[in-house]
Amino acid sequence: MVYTVERIKTGIPGLDKLIQGGFVKGSAILISGGTGAGKTIFCLQYLWEGLKNGEPGIYITLEESSDEIKKDALVFGFDFETYKKKGKFKIIEKNIFEDPDLEFFDIDKLKAKRIVIDSISLLSLIISDQASLRNRLLELIRSLKKRNTTLLLTSERIGDNLSRLGVEEFLVDGVIVLNFTPIGSQAGRSLFIRKMRRTKHSEDIHPIEIRKRGIRVLNI
Ligand SMILES: Nc1ncnc2c1ncn2[C@@H]1O[C@H](COP(=O)(O)OP(=O)(O)OP(=O)(O)O)[C@@H](O)[C@H]1O
Ligand SMILES: [Mg+2]
């Protein structure tokens, strides 16, 4: 029996072509990168793409306030407010790891198809030992997958480590690394697909740019 993988568009121009058409539906993807690398913008574009295609979405923010996220989005012309009024979108400021039930209630009510958790880096401050951290994350990822949602998690990248906590990259189906190296007056931004289960993906480092429409993969 051949199993056809269902995919959803990432919303990042040029990226779908590098991963056989998009993220595997129902998968969990980690967006890893240093500060200012574009993780939040990536997530906003991903949710916006879903809303345009009739897929409700939820943004769970653990660092920026919901007002800040709304402003970040408006810069690129993503007016989430319209979808919020229609009951298709919601920003949640609460920590899903402390009160998961409440958040699942919202996810079920909205019939959310796309979920973002930005970011999970602070988790290590709340949960100190690695084993329970890993279990909590795994539990969360599983519950979200059961609901057939496609999940993006962001994590700060420190040096050569893919993620701050050092456990999350093994729990997810895919890892995309965003890089930002300031080179004098020029900014060198790039994207790299570190892992993408069930996908024949590009193994190159791809230059990207952030402009008024958001992130775009160059030379595609
Ligand atoms: N309109 C714009 N045009 C070009 N570049 C922009 C624009 N808006 C933001 N940027 C760039 O994007 C960066 C912010 O991206 P983003 O907030 O997604 O980063 P992040 O990886 O989430 O960072 P953090 O770890 O601090 O949350 C800014 O520092 C700036 O370099
Ligand atoms: Mg951010």
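Order of listing sets the numbers, starting from 1, for every ligand and every atom in it.
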- Is it true that Ser119 lies under 4.0 Å from ligand 1, counting heavy atoms only? no

- Query: Side chains of Gln20 and Thr199: donor-acceptor distance under 3.5 Å anywhere?
  - Reply: no

- Item | Closest approach of any protein heavy atom to atom 18 (O) of ligand 1, naming residue and atom | Ile41 N, 2.9 Å

- Any idea which part of Val75 is under 4.0 Å from ligand 1, heavy-atom wise: side chain, backbone, both or neither? side chain

- Note on the structure: atom 6 (C) of ligand 1 sits nearest the protein heavy atom Ile210 CG2, 3.5 Å

- Would you kindly confirm whether Phe76 and Leu218 end up in one hydrophobic cluster when ILVMFWY residues are joined by side chain heavy atoms under 4.5 Å apart? no

- Item | atom 25 (O) of ligand 1: the protein heavy-atom neighbour that sits closest, reported with distance to 0.1 Å | Lys39 NZ, 2.8 Å

- Item | Distance from atom 23 (O) of ligand 1 to nearest protein heavy atom, with residue and atom | Gly36 N, 2.9 Å

- Query: Does NZ or CZ of Lys86 lie under 6.0 Å from the centre of the six-membered ring of Tyr83, at an angle within 45° of the ring axis?
  - Reply: yes

- Considering the heavy atoms of Ala37, write down every atom of ligand 1 situated less than 4.0 Å from one of them. 19 (O), 21 (O)

- Task: Say whether, by atom type as modelled, one donor and one acceptor occur between the side chain of Ser202 and the main chain of Asp204 under 3.5 angstrom.
- Result: yes

- Item | Short side-chain to backbone donor-acceptor contact, Thr150 and Gly26, under 3.5 Å | yes

- Run the contact test for Gly33 against ligand 1 with a 4.0 Å cut-off on heavy atoms, strictly below, and give the result. no

- Which of Lys25, Lys145, Arg194 passes salt bridge (charged side-chain N to carboxylate O under 4.0 Å, His left out) with Asp173? It is Lys145

- Does the side-chain contact (heavy atoms from CB on, under 4.5 Å) test come out yes or no for Thr154 and Phe42, once each step is laid out? CA-CA 10 Å; Thr154 71; Phe42 189 112; over 6 Å; no

- atom 31 (O) of ligand 1 sits nearest the protein heavy atom Arg189 NH2, 2.6 Å

- Query: Looking only at heavy atoms of Phe76, does any of them come nearer than 4.0 Å to an atom of ligand 1?
  - Reply: yes

- Can a non-hydrogen atom of Arg157 be found less than 4.0 Å from any atom of ligand 1? no

- Query: Got the closest protein heavy atom to atom 26 (O) of ligand 1, with its distance?
  - Reply: Thr35 OG1, 2.8 Å

- Query: Ignoring hydrogens and geometry, is there a side-chain-to-backbone donor-acceptor pair from Arg197 to Val24 under 3.5 Å?
  - Reply: no

- Decide yes or no on side-chain contact (heavy atoms from CB on, under 4.5 Å) for Leu74 and Lys70, but give the supporting numbers first. CA-CA 6 Å; Leu74 274 175; Lys70 273 183 219 162; 5.5 Å; no

- Message: Which label fits Trp48 and Phe80: parallel for a plane angle under 30°, tilted from 30 to 60°, or perpendicular past 60°?
- Response: perpendicular

- Task: Find all atoms of ligand 1 within a distance of less than 4.0 Å from any non-hydrogen atom belonging to Gly34, and give their numbers and elements.
- Result: 21 (O)

- among protein heavy atoms, the one nearest atom 27 (O) of ligand 1 is Thr40 OG1, 4.0 Å

- Query: Between the Mg ion (ligand 2) and Thr154, is there an N, O or S atom separated by less than 2.8 Å?
  - Reply: no

- Item | For atom 16 (P) of ligand 1, closest protein heavy-atom neighbour | Gly38 CA, 3.7 Å

